[in-house]
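Basis for what follows: all heavy atoms, side chains included, without hydrogens, waters or symmetry-related copies.
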Amino acid sequence: MLIIAGSLQVEPAAREAYLSGCEQVIAQARATAGCLDFLLAADPLEPGRIHVYERWESAEQLAAFRGSGPSDTQEVEILDADVQRYLISGVEAP
């Protein structure tokens, strides 16, 4: 299993429009084989920050989805990104 997590920065005034434009990508990801969770969400305290959280069964399934990732228009709106890939070797109840 792997997790993709971090944040994106966009212009604060454009954040809601950016997230609305991502709804199709989120739905597409969640319908992709191997996607366990996929979320882009507005930060409640920082106006231009968007949280990224993805959980995938395998790197191969993630790679297959990435071929259909964000449009050029969405990528241009990203001012900064700090998103990392975490490889998970085990999962336990909290």
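- A donor-acceptor pair under 3.5 Å links the side-chain atoms of Arg15 to the main chain of Pro47, judged by distance alone.
- In this structure, Leu87 is a member of the same hydrophobic cluster as Val83, with clusters built from ILVMFWY side-chain heavy atoms closer than 4.5 Å.
- Note that the OG1 atom of Thr32 and the CD atom of Gln61 stand 9.5 Å from one another [nearest 0.5 Å].
- Under the salt bridge (charged side-chain N to carboxylate O under 4.0 Å, His left out) criterion, the residue pairs touching residues 51-64 are Glu54-Arg66, with sequence neighbours excluded.
- Under the 4.5 Å side-chain heavy-atom criterion for grouping Ile, Leu, Val, Met, Phe, Trp and Tyr, Val10 is connected to Ile4 within one hydrophobic cluster.
- Tyr86 is listed as a side-chain neighbour of Gln84, based on a closest heavy-atom distance under 4.5 Å.
- Minimum interatomic distance between Leu40 and Val52 (heavy atoms only, all atoms of both residues): CD2-CG2, 3.6 Å.
- The nearest pair of heavy atoms linking Ala29 to Cys35 is O-CB, 3.1 Å.
- In the hydrophobic clustering of this structure, Leu19 groups with Ile26; members are Ile, Leu, Val, Met, Phe, Trp, Tyr whose side-chain heavy atoms approach within less than 4.5 Å, directly or through other members.
- Cluster annotation: Leu62 is not connected to Tyr53 through the hydrophobic network of ILVMFWY side chains, with a link wherever side-chain heavy atoms come within less than 4.5 Å.
- Here the shortest heavy-atom pairing between Ala14 and Glu77 reads CB-OE1, 4.3 Å.
- Leu8 and Leu45 end up in different hydrophobic clusters when Ile, Leu, Val, Met, Phe, Trp and Tyr side chains are linked at under 4.5 Å.
- Side-chain contact check for Glu11 versus Leu79: some heavy-atom pair is nearer than 4.5 Å.
- Legend: ring pair (Phe, Tyr, Trp, His ring centres under 6.0 Å) pairs involving residues 19-48, not counting sequence neighbours, sorted by first then second residue: Phe38-Phe65.
- Across all their heavy atoms, Leu36 and Trp56 have their closest contact at CD1-C, 4.2 Å.
- The two residues Ala42 and Glu16 come nearest to each other via the heavy atoms CB-OE2, 4.1 Å.
- Residue Ile78 comes nearest to Ala81 through the heavy atom pair CG2-CB, 4.2 Å, listed as atom of the first residue, atom of the second, then distance.
- Counted within 6.0 Å of CD on Glu46, heavy atoms from surrounding residues, nucleotides or ligands total more than 12; the atom is thus considered enclosed.
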